[in-house]
Protein chains: 2
Amino acid sequence: MPTPTLAEVARHAGVTPATVSNVLRGRGRVGEATRERVLAAIAALGYRPHLPARALAEGRAPTMALMVPSIANPFYPEFALAVENALRNTGQFLIICNTDGDPVTGRAYLEQIAGTLSEGVLVTNANLDFDDLRRTESRGAPVVLCMWERPLEPPGLPCVAVDFRLAGELAARHLIELGHWRVGAIVGSKATGIHAARYEGFLDAMRAAGLDGAAAPTIFTPDTTQGGYAAARELLGRHPDLTALFTTNDLPALGAMQAAADLGFDVPRQLSVVGITDIQLASESRPALSTVAVPTAEAAGLAVKLLRELIAQTGRAAKERKAPREATVCVTSAPRLVVRASTARAPTA
Amino acid sequence: MPTPTLAEVARHAGVTPATVSNVLRGRGRVGEATRERVLAAIAALGYRPHLPARALAEGRAPTMALMVPSIANPFYPEFALAVENALRNTGQFLIICNTDGDPVTGRAYLEQIAGTLSEGVLVTNANLDFDDLRRTESRGAPVVLCMWERPLEPPGLPCVAVDFRLAGELAARHLIELGHWRVGAIVGSKATGIHAARYEGFLDAMRAAGLDGAAAPTIFTPDTTQGGYAAARELLGRHPDLTALFTTNDLPALGAMQAAADLGFDVPRQLSVVGITDIQLASESRPALSTVAVPTAEAAGLAVKLLRELIAQTGRAAKERKAPREATVCVTSAPRLVVRASTARAPTA
DNA sequence: ATGAAAGCGCTAACAA
DNA sequence: TTGTTAGCGCTTTCAT
């Protein structure tokens with residue numbers, strides 16, 4: 001027996017669909033007696049509301065979309081879990097869109113589901129075209145950038161920002177305080193790419209310590225374990241005297257540690273490695289990775305909150321769509337250093 | 001300007017909605033001239049079909065649901081990615097349901113979306129109640145168990161089965177062939193739990209080698225890195241003469257390697273460790289984990305395929321719903337051993 | 001307090 | 001070849 005419809009419940013209870021709908025949503029006045037009868041019918045028939053139909057009638061959409069480059073990249077599942085938790089009990093569900101880092105794939109998703117299946121879109125560094133995102137917005141589906149890296153330079157789209165420059169600075173400062181001054185940098189993006197702010201933080205810290213950060217051996221590489229691995233090999237090969245590696249993300253940091261292990265470097269005795277983010281893996285590696293923890297779960301929660309607010313202002317329900325350009329930037333709490341086993345005092349030359 | 005409706009496109013093209021619908025789906029004959037006009041109108045207005053409305057009219061649902069205990073557990077994102085890839089271009093999207101291993105949470109998801117938002121349900125070891133699943137089925141939403149561990153003992157629900165007993169046997173045989181005979185076992189479930197078949201494979205291999213597997217020190221522990229870590233510490237503490245650890249899953253294996261490292265054991269020189277599954281992390285650990293690779297991507301593809309077939313037989317479209325009890329068990333190709341750096345010849349006593 | 005009716009955006013017979 | 005008419009399951013005025 002397929003799920004009964006609201007109409008069948010109504011018939012069973014001897015009322016009209018409107019009444020059933022009313023008891024279901026607590027709208028309109030309903031007599032105590034009939035309410036009970038309706039509730040009984042619902043229970044008896046095992047009625048469950050048809051979400052798409054309800055959404056259609058309400059002019060809403062039953063899901064939110066989360067755009068990620070690849071859910072298999074260890075950062076995103078953690079983020080997705082937090083998003084899903086935030087969504088729980090809102091009556092909306094989470095659709096995962098893997099863009100593969102390809103703007104065309106990303107656009108295809110937006111075209112298909114934004115505003116129809118999904119009421120709003122959460123975007124992580126999925127390499128989407130900003131024009132596509134703005135078009136999505138203008139079609140009525142709010143967009144929130146989930147991990148914007150520069151709180152002071154909003155992107156012109158609603159976002160939740162994390163102070164990644166500070167994260168970079170904290171990581172570098174940690175190294176410096178341990179006495180390191182020959183430190184290499186592994187940046188998980190192009191020079192002007194997504195990790196630039198983190199690298200700037202590194203440079204700031206070096207400068208503050210009277211060191212010439214710009215002279216530090218630096219490699220720009222893909223933001224992956226493999227990228228970090230390759231970069232570390234190259235860095236360590238060319239500059240065997242380095243005592244520490246600054247890395248803009250945990251995955252490359254983990255890769256760098258593997259490279260160090262394969263090269264016979266003792267981490268942290270001969271070489272310190274520090275990352276940024278504090279994904280789960282960071283505490284599970286051996287040696288455990290020292291890193292700068294970033295409030296990802298908090299960011300996920302804020303992103304969902306912001307998205308829902310934007311929807312409330314935009315949707316059919318909105319009285320007047322006020323220009324929301326104001327409060328569309330949330331900033332998370334600050335990153336903080338987590339010292340584990342991959343960093344130690346610089347070896348005295 | 002919110003997305004235009006099909007009716008607006010029709011008006012713009014000077015035809016009726018039915019005609020637009022026809023050109024959109026290639027049904028019914030449409031004159032070449034009008035088709036062009038309609039296409040032009042679609043392009044001009046930037047029309048995009050409203051997925052829930054379409055699904056409602058078609059009597060389908062616009063998504064598939066994937067039930068996982070936690071998307072943050074490293075195995076599931078890999079599986080989810082494969083599922084999403086298999087779904088791509090089917091016009092359906094993937095909803096992630098984290099059950100947290102809690103049957104009640106799982107039931108809540110099924111109640112809400114199975115058959116309404118989601119046309120079918122893919123289930124991994126999310127610890128769901130089989131009665132709930134059967135009820136879901138009987139309400140018209142097909143269910144597929146995605147990683148059934150015993151091809152020879154189907155569960156009474158459609159499933160794709162992986163020969164995990166064989167996986168366990170291969171892992172154990174590998175150890176035996178390397179000359180290990182004092183091997184401990186770490187099982188990532190209760191004795192009668194999900195990993196029992198893998199453990200049986202271990203016992204089979206031991207027996208075949210004339211060893212008393214039942215006498216092997218064994219610990220049943222949660223299927224996590226931490227579980228493996230704790231189990232290995234205990235095992236190694238009580239039996240410091242063990243030369244190898246058999247593990248029913250990669251995560252506990254990785255945990256066991258960490259424990260070994262913390263205890264000062266040299267892996268693989270003093271201690272070999274082998275896992276099962278071959279998740280990405282397995283090749284990224286140091287030493288890289290020897291393991292038995294299981295065809296997860298293949299399983300994901302088969303699961304989606306099977307689910308779609310079941311839907312085709314069940315849906316409103318089905319001519320006659322034939323009893324599908326027959327072909328509802330897919331078996332993947334066999335697991336295979338992947339030797340990496342965590343296993344070596346047993347040290348000669 | 002309840003019912004009647006229209007409509008959300010789309011599809012699918014069936015007519016013309 | 002195209003248009004007409006219902007209807008998918010639900011919500012929501014507006015009457016009664």
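Lettering follows sequence order; numbering is per chain, from 1. Excluded from the calculations below are hydrogen atoms, water molecules and symmetry mates; all remaining heavy atoms, backbone and side chain alike, are included.
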Measure from [atom1] on [X] to [atom2] on [N] and round the result to the nearest Å.
X: A/L6; N: D/dT11; atom1: CG; atom2: P; answer: 6 Å
X: B/L117; N: D/dG9; atom1: CG; atom2: P; answer: 15 Å
X: A/R27; N: D/dT12; atom1: CZ; atom2: P; answer: 5 Å
X: B/E119; N: D/dC8; atom1: CD; atom2: P; answer: 18 Å
X: A/R25; N: D/dG9; atom1: CZ; atom2: C1'; answer: 13 Å
X: B/R60; N: C/dT11; atom1: CZ; atom2: C1'; answer: 12 Å
X: B/H50; N: C/dG7; atom1: NE2; atom2: P; answer: 18 Å
X: B/L24; N: C/dA12; atom1: CG; atom2: P; answer: 12 Å

If you round to the nearest 0.5 Å, how far is CG of B/L122 from CG of B/L94?
7.5 Å

Is there a side-chain contact between B/R308 and B/T90 (heavy atoms, below 4.5 Å)?
yes

If the threshold is 4.0 Å, N to carboxylate O, is there a salt bridge linking B/R139 and B/E111?
yes

Output one line per pair: protein atom, nucleotide atom from nucleotides 3-6 of chain D, and distance, for all N/O pairs under 3.5 Å.
residue : atom : partner : partner atom : Å
D/dG3   : OP2  : B/T16   : N            : 3.0
D/dG3   : OP2  : B/T16   : OG1          : 3.3
D/dG3   : OP2  : B/T19   : OG1          : 3.0

Think A/R54 has a side-chain N or O under 4.0 angstrom from the OP1 or OP2 of D/dG9?
no

So what does B/P49 hit on the nucleic acid, given a heavy-atom distance under 4.0 Å: a base, only sugar-phosphate, or nothing?
sugar-phosphate

Considering every strand and a 4.0 Å limit on heavy-atom distances, what is the contact class for B/T34: base, sugar-phosphate, or nothing?
sugar-phosphate

A quick test of your reading: do over 12 heavy atoms of other residues, nucleotides or ligands sit less than 6.0 Å from CZ of A/R134?
yes

Could you go step by step and tell me if B/T296 and B/E78 meet the side chain to side chain donor-acceptor pair (under 3.5 Å) rule?
CA-CA 8 Å; B/T296 53; B/E78 294 180 34; 5.0 Å; no

Is a donor from one side chain sitting under 3.5 angstrom from an acceptor on the other, for B/T105 and B/T99?
no

B/I311 to B/M64 - nearest heavy-atom pair and separation:
CD1-CE, 3.4 Å

Counting side-chain heavy atoms from CB outward, which of D/dT12, C/dA12, C/dG9 is closest to A/S21?
D/dT12

Residue whose closest nucleotide on DNA chain D lies nearer the 5' end, B/R35 versus A/R48
B/R35

